[in-house]
Amino acid sequence: MPELPEVEVVRRGLAQHVVSRTISAVEVLHPRSVRRHAAGPHDFASRLTGRRVDDVRRRGKYLWLVLDEGDAVLCHLGMSGQFRIDGGDSEPKHLAIALALDDGQRLLFADQRTFGGMAFSEDGAELPHQIAHIARDPLDPEFDTAMFTTRLRKRQTGVKRALLDQTLVSGIGNIYADEALWRTPLHYARNTRHLRTREIDGLLHHVVEVMREALDQGGTSFDTLYVNVNGESGYFERSLAAYGQEGMPCHRCGTPIRREPFMNRSSYRCPVCQPRPRNGRW
DNA sequence: AAGGTCTCCTGAGGGC
DNA sequence: TGCCCTCAGGAGACCT
């Protein structure tokens with residue numbers, strides 16, 4: 001699924017194509033893709049229709065269209081959501097929501113697994129109330145490293161679990177968590193309570209570094225499930241050092257990268273550079 | 001109260 | 001060929 005770099009690529013593409021455009025019509029083809037809207041998809045459509053998009057913003061993996069008069073449309077790509085700018089000829093598979101714009105283009109939201117979706121957020125321009133609990137992401141100029149460190153140390157859990165907790169720090173998913181842990185290097189099960197300040201600073205540095213590099217490459221695309229608004233793939237997949245690299249030699253020491261289940265999903269690490277902690281303290 | 005698990009959904013790929 | 005199993009980049013509801 002798209003993590004911060006992929007969502008930021010999408011945000012930039014949307015900003016380019018939809019800012020200053022007015023939404024002339026809304027078609028909801030998959031009602032499940034309209035989230036947390038008790039009044040139903042038809043009401044959702046009517047609230048968007050006729051509104052001008054003034055900005056496109058992002059926090060972590062969420063992005064939102066800022067509408068005139070201060071409302072917003074909150075969007076999340078989930079595991080398989082994608083936005084496409086479409087002249088009107090082709091229809092992507094699993095098209096869920098189509099926004100017609102006043103310049104004749106359409107903004108299409110397609111989502112194979114329907115874990116993503118859109119939500120109307122009244123007065124949500126600054127920060128939609130639905131995501132008030134989501135922490136700032138590490139690329140946010142106002143990200144507070146000292147506060148993050150304090151909150152991290154109050155946890156009693158594995159460091160990767162903490163990295164994936166969007167209420168602690170947002171934007172990081174399974175790929176960039178594994179990449180940052182490999183770069184630092186740290187084992188995913190290291191106890192948050194006992195991380196040294198130097199280790200936390202190093203981890204944050206590598207989180208920012210790997211996400212900036214990925215952003216420069218247009219994000220990570222394993223398949224056609226993640227593409228930008230023009231349908232193009234990103235190229236960071238070829239730069240991954242840990243994620244998906246089972247059996248490949250570690251770029252530092254040559255030891256084969258190991259894949260193991262963690263949190264009902266896969267974690268990839270170098271068994272030599274990122275040794276398993278011997279006990280709860282280390 | 002916070003940590004950890006389960007579940008929503010479709011499709012791809014491997015083993016038999 | 002097809003059937004069944006596992007797995008996939010997320011996150012919120014729900015347990016303990």
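Letters A, B, ... mirror the listed sequences (proteins, then strands); counts begin at 1.
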| remark: When both distances are under 3.5 Å in a Watson-Crick or G-U wobble arrangement, the nucleotide paired with dC9(B) is none

Is there a side-chain polar atom (N or O) of [X] under 4.0 Å from OP1 or OP2 of [N]?
| X | N | result |
| --- | --- | --- |
| H94(A) | dT10(B) | no |
| S266(A) | dA8(C) | yes |
| T157(A) | dG4(B) | yes |
| R36(A) | dG12(C) | yes |
| R161(A) | dT5(B) | yes |

| If each of N264(A) and L164(A) is mapped to the nucleotide of DNA chain C with the nearest heavy atom, which maps nearer the 5' terminus, i.e. the 5' end? |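 Upstream on the strand: N264(A).
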
| query | Of Q166(A) and R113(A), whose closest DNA chain C nucleotide lies nearer the 5' terminus? | reply |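 It is R113(A) whose nearest nucleotide is closer to the 5' end.
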
Remember a base hit wins even if backbone is also touched, and classify [X] as base, sugar-phosphate or nothing at under 4.0 Å, heavy atoms.
| X | answer |
| --- | --- |
| D223(A) | base |
| F236(A) | nothing |
| Y243(A) | sugar-phosphate |
| R155(A) | sugar-phosphate |
| H133(A) | sugar-phosphate |
| T220(A) | base |

| said: Ring centres within less than 5.5 Å and planes less than 30° apart: is that true of F115(A) and dC8(B) in this structure? | reply: yes

Sticking with atom [atom1], work out how far [N] lies from [M], rounded to a whole angstrom.
| N | M | atom1 | result |
| --- | --- | --- | --- |
| dC14(C) | dC9(B) | P | 15 Å |
| dA1(B) | dA11(C) | P | 24 Å |
| dT6(C) | dC6(B) | P | 14 Å |

| Integer-rounded Å distance: dG4(B) P and Q156(A) CD |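 It works out to 8 Å between those atoms.
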
| said: Is the terminal nitrogen or CZ of R252(A) (NZ for Lys, CZ for Arg) located under 6.0 angstrom from the six-membered ring centre of W182(A) and within 45° of that ring's axis? | reply: yes

| query | Can any side-chain N or O of S80(A) pair as donor or acceptor with the backbone N or O of D111(A) at less than 3.5 Å? | reply | no

| task | Say whether, by atom type as modelled, one donor and one acceptor occur between the side chain of R32(A) and the main chain of T114(A) under 3.5 angstrom. | result |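 Yes, R32(A) side chain to T114(A) backbone: donor-acceptor pair under 3.5 Å.
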
| query | Stepwise, does the salt bridge (Lys or Arg N to Asp or Glu O under 4.0 Å) test hold for R47(A) with D71(A)? | reply | CA-CA 10 Å; R47(A) 285 173 183 267; D71(A) 299 325; over 6 Å; no

| field | Nucleotide nearest R32(A) (side chain, heavy atoms from C-beta), chosen from dG11(B), dA11(C), dC8(B) | value | dC8(B)

| request: Could you please spell out the steps behind the side chain to side chain donor-acceptor pair (under 3.5 Å) verdict for S221(A) and Y235(A)? | output: CA-CA 7 Å; S221(A) 303; Y235(A) 295 102; over 6 Å; no

